[in-house]
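So you know, we letter chains A, B, ... as the sequences are listed, proteins then strands, and number each from 1.
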There are 2 protein chains.
Amino acid sequence: MSNPAQRTAATDQAYHAIRSDILSGTLKEGERITEQRMAENLGLSRTPVREAISKLIHEGFVERGTGYTTRVAHFEDEELEQMFQIRKLLESYGAARAAEFATDEQVEHLKELSAEMSAHTPPKSQSDYKIISAANEKFHRTIMEAARSPRLSALISMAVNVGMVARMYHLYSDEDLIRSAAHHHEITDAIAARSPEWAASVMSSHLLAAASMAARAGQRKVPAAF
Amino acid sequence: MSNPAQRTAATDQAYHAIRSDILSGTLKEGERITEQRMAENLGLSRTPVREAISKLIHEGFVERGTGYTTRVAHFEDEELEQMFQIRKLLESYGAARAAEFATDEQVEHLKELSAEMSAHTPPKSQSDYKIISAANEKFHRTIMEAARSPRLSALISMAVNVGMVARMYHLYSDEDLIRSAAHHHEITDAIAARSPEWAASVMSSHLLAAASMAARAGQRKVPAAF
DNA sequence: CTATAGTATTTTGCATACAAAAATCAAACG
DNA sequence: CGTTTGATTTTTGTATGCAAAATACTATAG
């Protein structure tokens, strides 16, 4: 259009913008989205928007129907339950390996992330939710890196529908979040103590608790999160 | 080049071609790949190749280094072990769910497949191997379908496909294959008996045995689990 | 001969163009 | 009034062009 030398990664910009719109509810569940409209709104061309959408599809924020219909993903409660079960299997294993292979720097990083989450728990504002959510994501990713198994990481990233997780976060009660924070601390300690079984066990509890919350949340209606 | 608007999914074509080249070894581990060269080889433009590569990166077949270096992901020897551990986790869970959700028709089908495999075990000819292999594949797929979890199915098929092409015939001794056939029968019985724990337990044994064979076979080839 | 600086060549990221598939709309028909 | 069919407009998939970043190459200095 008129912006030739844009050196700020357009794909990232599109990705975050759309993702944010989905999480904020600006784009509602089931709403149809098109590359062109998104591109126009952002003042970008279709190419980076297209790539961003591909990524969002892979992560489960967006889904393609038959033909040219692309819409904000809506997910079944059953799927959410399944996802947590699978995560439990894979991430427990990952945590055990992390206890074995994590570097001191990674352990330190986990401590920082745990502390950050605790500092904002229970959350008092929307921004607290965002901070917790982001730190949580990074926490789990750091553990998987520490597990030193690219294949495992790839599988988990396929298994985990980030969109589902992010959108259900606001369904956690304060008690849930406090316990979650405690779990993070305990997982960190288990890894620091180099105890694979302990780490796996706590991770398992952590995700079973999450699965239970997911099931419980199925009763209520979701008013589109933060 | 001179190809007017090909309507046969170019992205899929590129994806499968590159993936296949990686699995077959045509593209070696650590080898650098560029969009342009891939596109030229396939007679496509960069765009679909680019998308295919993005997908492959996300799935862990390809990795980006710093800058413009994109190369075939390095496949550690140790990852073989990981692969079986992961498969053990996922397929045991799948077997448990199958015990819960399989239809009578599916149970019947599993019985037929087990019987067919037994009838050709130990194999006396190359065609016996092929029959066993085909029945084995169908057996596992049927269990997966019976598990009623598309996400799980997708993950397992990924885990199995990664680096595990069908050139594993000679790694199994007759004793191995006899035991494998016994496992299949027992898994079928466990599912027929609607016992998730039994099914999961036998499946676990089944894959641990396969892992052990893989370790015994050395660092070179990767067997599929019969 | 090695190291380094400067240049030339790749390689990617983004924008744009165009054709085919799909969706939308409208008119004809029951 | 509802349904179907045909034309019109979106919308996507793919190709292509271009500029900037990164790599490879070359020549020069030490």
Side-chain angles (χ1 to χ4, degrees), chain A residues 1-22 27-74, chain B residues 1-22 27-74:
Chain A
M1 219 53 122
S2 58
N3 221 340
Q6 187 119 351
R7 293 273 60 88
T8 47
T11 297
D12 275 3
Q13 185 189 335
Y15 170 78
H16 285 108
I18 298 172
R19 184 178 190 273
S20 169
D21 277 355
I22 291 174
L27 288 169
K28 294 172 191 169
E29 256 187 50
E31 184 171 343
R32 190 175 177 192
I33 62 180
T34 69
E35 296 172 6
Q36 194 135 357
R37 194 162 359 263
M38 292 291 135
E40 278 168 15
N41 289 349
L42 292 165
L44 299 169
S45 80
R46 273 180 53 215
T47 308
V49 170
R50 183 181 175 74
E51 279 189 35
I53 289 177
S54 293
K55 201 173 170 190
L56 290 165
I57 288 174
H58 202 100
E59 293 177 351
F61 284 95
V62 174
E63 63 190 6
R64 276 198 207 292
T66 60
Y68 288 168
T69 46
T70 305
R71 53 184 76 185
V72 177
H74 107 97
Chain B
M1 279 283 171
S2 56
N3 230 337
Q6 192 108 304
R7 228 45 195 172
T8 47
T11 297
D12 276 3
Q13 185 189 335
Y15 171 79
H16 285 109
I18 298 172
R19 184 179 190 272
S20 169
D21 278 355
I22 291 174
L27 287 171
K28 293 172 192 166
E29 279 181 26
E31 184 171 344
R32 188 174 178 191
I33 61 181
T34 67
E35 297 171 6
Q36 188 102 351
R37 195 163 357 265
M38 292 291 131
E40 279 168 14
N41 289 349
L42 292 164
L44 299 169
S45 81
R46 275 179 51 214
T47 309
V49 171
R50 182 180 175 75
E51 280 190 34
I53 289 177
S54 295
K55 203 173 167 189
L56 290 165
I57 288 173
H58 201 101
E59 293 177 354
F61 285 94
V62 173
E63 59 191 11
R64 269 195 213 295
T66 60
Y68 288 168
T69 46
T70 306
R71 45 195 157 72
V72 177
H74 187 50

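When each of D:dT14, D:dT12, C:dC14 is scored by its nearest atom to the side-chain atoms of A:Ala9, the top-ranked nucleotide is C:dC14. In this structure, the nucleotide among D:dT11, C:dA15, D:dT14 sitting nearest to the side chain of A:Leu44 is C:dA15. For B:Ala10, counting side-chain heavy atoms from C-beta on, the closest listed nucleotide (D:dT14, C:dT24, D:dT12) is D:dT14. Closest to the B:Arg32 side chain, of the nucleotides D:dT11, C:dT11, D:dT14, is C:dT11. The nucleotide whose nearest atom lies closest to any side-chain atom of B:Ser45 is, among D:dT14, D:dT12, D:dT23, D:dT14. Here the nucleotide nearest the side chain of A:Thr47, chosen from C:dT16, D:dT14, D:dT12, is C:dT16.
Using a 4.0 Å cut-off, some side-chain N or O of B:Arg37 falls inside it from OP1 or OP2 of C:dT11. For the pair A:Thr11 and C:dG13, the criterion of a side-chain N or O lying under 4.0 Å from OP1 or OP2 is not met.
Counting to the nearest Å, the P atom of D:dT16 and the CD atom of B:Gln36 are 11 Å from each other. Nucleotide D:dG13 holds its P atom 10 Å from the CD1 atom of A:Ile53, rounded to whole Å. Atom-to-atom, OH of A:Tyr15 to P of C:dC14 comes out at 15 Å; the value is rounded to the nearest Å. Taking atom CD of residue B:Glu40 and atom P of nucleotide C:dT10, one finds them 11 Å apart after rounding to whole Å. Remark: C1' of C:dT12 and CD1 of B:Ile57 are 12 Å apart, rounded to the nearest angstrom. Spacing between atom CG of A:Leu42 and atom P of C:dC14 amounts to 13 Å, rounded to whole angstrom units.
Taken to the nearest 0.5 Å, the CD1 atom of A:Ile57 stands 3.5 Å off from the CZ atom of A:Arg64.
Across every non-hydrogen atom of B:Ala17 and B:Leu42, the tightest pair is CB-CD2, 3.6 Å. The two residues A:Arg32 and A:Tyr68 come nearest to each other via the heavy atoms NH2-O, 3.2 Å. Closest heavy-atom contact between A:Leu44 and A:Ala14: CD1-CB, 4.2 Å. Between A:Leu56 and A:Tyr15, the closest heavy-atom pair is CD2-CE1, 3.5 Å.
Comment: A:Glu63 does not engage A:Arg71 in a salt bridge, judged by the lack of any side-chain N to carboxylate O separation of less than 4.0 angstrom.
The residue A:Glu51 sits apart from the nucleic acid: no heavy atom pair falls under 4.0 Å. At the heavy-atom level, A:Glu35 lies under 4.0 Å from the strands shown only through sugar-phosphate atoms.
Taking 4.5 Å as the limit, some side-chain heavy atom of A:Glu51 sits within range of a side-chain heavy atom of B:Arg50. Looking at B:Asp21 and B:Val72, their side chains never come closer than 4.5 Å, going by heavy atoms from C-beta outward.
Heavy-atom nearest nucleotides on DNA chain C were determined for B:Ile33 and for A:Pro48, and the one closer to the 5' end corresponds to B:Ile33. Both A:Arg46 and A:Asp12 lie near DNA chain C, and the one whose nearest nucleotide falls closer to the 5' end is A:Asp12.
Heavy-atom distances under 4.0 Å link DNA chain D to B:Thr66, B:Gly67, B:Tyr68 of residues 63-70 of chain B, given in residue order.
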